[in-house]
Chemist: 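What follows is a structure written as C-alpha cells; I'll ask about it next.
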Amino acid sequence: METLIIKIPEKKSALVKQILKGLGVTIQPAGKTSPSGYKQKLANVSVWTDGNLKD
C-alpha cells in the first residue's frame, strides 16, 4: 500500500473523494495534532546517559 497526499480545491473535494472511493482508495481524515497530544508523545521519550551508551 502506498500513501499519497494531495491538495484538492474545496469545490472539487467531494467529487474527487467520490471517484477515489469508487476506485477503492482509503481516505483518512486530516490528523491535526493537538499541543497536549504532542506533549504526551514527548513525555514518553526516554533519556539516555553516557553510561547507557557505553554498555
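The model shown is predicted, which means the values in this text are computed figures rather than measured ones.
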Chemist: Nearest 0.5 angstrom please: T26 OG1 to K21 NZ, how far?
Modeler: 10.0 Å

Chemist: Using a 4.5 Å cut-off on heavy atoms from C-beta on, say whether the side chain of I6 contacts that of L20.
Modeler: yes

Chemist: Once rounded to the nearest 0.5 Å, what's the spacing between atom CG of N44 and atom NZ of K39?
Modeler: 14.5 Å

Chemist: Looking at L23, I'd like to know if its CG atom is crowded, meaning that more than 12 non-hydrogen atoms belonging to other residues, nucleotides or ligands lie closer than 6.0 Å.
Modeler: yes

Chemist: Examine I8 and L4 and state if one hydrophobic cluster contains both, with Ile, Leu, Val, Met, Phe, Trp and Tyr joined whenever side-chain heavy atoms are less than 4.5 Å apart.
Modeler: yes

Chemist: Indicate yes or no for a side-chain donor-acceptor contact from N52 to the backbone of T49 under 3.5 Å, with no hydrogens or angles considered.
Modeler: yes

